[in-house]
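So the structure is just underneath, and the comments pick up after that.
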Protein chains: 2
Amino acid sequence: MQLTRAADYAIRVMIHLAGLPHGTRASRGDLAIAAQCPDQFLSKVLQALTRAGLVTSHRGNTGGFELPEAHSHASVLEIVEAVEGPIHLNVCLGQGDSCERRSWCPAHNVWQQAQDAMATVLRSSTIDNLAQRAVPPLHSEQPQWN
Amino acid sequence: MQLTRAADYAIRVMIHLAGLPHGTRASRGDLAIAAQCPDQFLSKVLQALTRAGLVTSHRGNTGGFELPEAHSHASVLEIVEAVEGPIHLNVCLGQGDSCERRSWCPAHNVWQQAQDAMATVLRSSTIDNLAQRAVPPLHSEQPQWN
């Protein structure tokens with residue numbers, strides 16, 4: 001029961017982008033350093049974030065990756081789910097009404113409540129707030145995630 | 001970010017054992033049916049639960065598996081951790097002081113708070129309470145987890 005590495009890197013990428021002045025584009029190389037993210041993960045992460053619209057990709061000399069204004073308040077939950085898909089703490093929570101044990105299984109509600117408690121925390125944390133809290137190291141001249 | 005199948009089966013096994021009259025031993029076959037658990041998972045689950053002392057194993061004609069009285073109030077968290085090891089929602093939470101980003105990383109506290117919220121729910125649910133809520137299906141003559 002652990003966040004995937006890709007989702008962890010996605011949060012780091014988004015914190016870096018949210019910490020840049022609005023409209024600034026970051027190169028793939030900048031993101032790899034800022035998020036301390038290996039190349040094979042970065043491709044997967046940027047694909048997932050772009051597909052979800054949480055990041056926009058621009059080609060050419062002035063290209064790069066940018067956090068759209070509309071998503072500057074994206075929650076940690078949105079970012080995690082963009083990479084991992086919907087969170088289901090136990091497999092039964094993803095089965096909707098098709099779980100045959102649902103009507104009487106005493107564990108179902110426990111998984112649901114635990115998932116809700118976790119999701120509430122992740123939903124209440126927005127990427128712009130996290131970036132503000134990271135201001136000193138993000139604005140230093142050292143790679144931020146070393 | 002999902003519970004392993006083994007941990008899910010472990011909870012089912014424990015609910016079944018906790019629903020039996022004190023001192024009753026269940027055979028491996030009974031547990032496989034009650035928890036609707038494939039054999040390769042059942043071996044892993046019973047090994048982990050026995051190693052943690054949450055289940056005792058008895059050999060011979062009157063042998064079987066039993067929930068010791070001392071562990072009748074085991075929490076869902078204890079059972080999950082007996083199978084999966086300590087829960088660390090993100091890898092950084094398992095690194096103790098060795099995570100170099102810990103002192104300033106804005107995401108660290110979010111993962112910690114989300115983990116704490118989830119663990120609080122899982123810690124407050126005890127196996128004897130869950131078994132009591134499962135009384136009607138557990139005491140039916142049908143396999144309980146069908």
Side-chain angles (χ1 to χ4, degrees), chain A residues 1-5 7-8 11-12 14-15 18-19 36 75-77 79-81 84-85 87-94 100-101 103-107 109-127 129-138 140 144-146, chain B residues 1-5 7-8 11-12 14-15 18-19 36 75-77 79-81 84-85 87-94 100-101 103-125 127 129-138 140 144-146:
Chain A
M1 198 191 315
Q2 191 171 77
L3 196 74
T4 60
R5 300 300 295 135
D8 185 23
I11 297 293
R12 300 189 198 182
M14 290 289 282
I15 289 175
Q36 218 177 25
S75 71
V76 171
L77 184 64
I79 299 164
V80 169
E81 292 196 325
E84 296 194 1
I87 290 179
H88 299 301
L89 195 61
N90 193 16
V91 67
C92 64
L93 299 182
E100 295 172 353
R101 297 184 291 277
S103 64
W104 62 269
C105 171
N109 280 347
V110 178
W111 304 131
Q112 186 68 62
Q113 287 166 17
Q115 177 176 297
D116 290 347
M118 177 178 67
T120 296
V121 174
L122 300 183
R123 195 180 291 112
S124 68
S125 297
T126 61
I127 206 68
N129 279 340
L130 291 184
Q132 282 169 19
R133 282 185 238 160
V135 165
L138 279 170
S140 76
Q144 295 87 334
W145 294 93
N146 281 339
Chain B
M1 198 192 314
Q2 191 170 78
L3 197 74
T4 60
R5 301 299 297 135
D8 185 23
I11 296 294
R12 302 188 196 183
M14 289 290 282
I15 289 175
Q36 218 179 22
S75 71
V76 171
L77 184 64
I79 298 164
V80 168
E81 292 196 325
E84 295 193 1
I87 289 178
H88 299 301
L89 194 60
N90 193 16
V91 67
C92 64
L93 300 182
E100 295 171 353
R101 298 183 291 276
S103 64
W104 61 270
C105 172
H108 187 95
N109 280 347
V110 179
W111 304 132
Q112 187 67 63
Q113 288 167 18
Q115 177 176 298
D116 289 348
M118 176 177 68
T120 296
V121 174
L122 300 183
R123 195 180 290 111
S124 68
S125 297
I127 206 67
N129 279 340
L130 290 184
Q132 282 169 18
R133 284 185 236 162
V135 165
L138 278 170
S140 75
Q144 295 86 335
W145 294 94
N146 282 339

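All chains are named by letter (A, B, ...) in the order of the sequence lines, taking the proteins before the strands, and each is independently numbered beginning at 1.
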**OP:** With sequence neighbours excluded, tell me which residues meet salt bridge (charged side-chain N to carboxylate O under 4.0 Å, His left out) with B/R123.
**Re:** none

Original post:
What are the two closest non-hydrogen atoms of A/I11 and B/A107, and how far apart are they?
Top reply: CG2-CB, 4.1 Å

Original post:
Which one of A/L122, A/N109, A/D116, A/D8 has the most heavy-atom pairs closer than 4.5 Å to chain B?
Top reply: A/D8

**OP:** Any chance you could measure A/C105, atom SG, to B/R133, atom CZ, to the nearest 0.5 Å?
**Re:** 10.5 Å

Original post:
What part of B/V91 is in contact with chain A, defined as an atom under 4.5 angstrom from a non-hydrogen atom: side chain, backbone, both or neither?
Top reply: both

Original post:
To the nearest 0.5 Å, what is the distance between CD (A/Q113) and CE (B/M118)?
Top reply: 14.0 Å

Original post:
Got a sec, which residues hit side-chain contact (heavy atoms from CB on, under 4.5 Å) with B/E84, two or more places apart in sequence or on another chain?
Top reply: A/M1, B/L3, B/T4, B/A7, B/V80

Original post:
Which atoms of B/I87 come close to chain A, meaning under 4.5 Å heavy atom to heavy atom: side chain ones, backbone ones, both, or neither?
Top reply: side chain

**OP:** Of all the heavy-atom pairs spanning A/V110 and B/V76, show the shortest one and how long it is.
**Re:** CG1-CG2, 4.3 Å

Original post:
If you take all heavy atoms of A/I15 and B/P106, which pair is closest and at what distance?
Top reply: CD1-CG, 3.8 Å

Original post:
So which heavy atom on A/V121 is nearest to which on B/A117, and how close?
Top reply: CG2-CB, 4.0 Å

Original post:
With distance as the sole test, does A/Q2 use its side chain to make a donor-acceptor pair with the main-chain N or O of B/L89 at under 3.5 Å?
Top reply: no

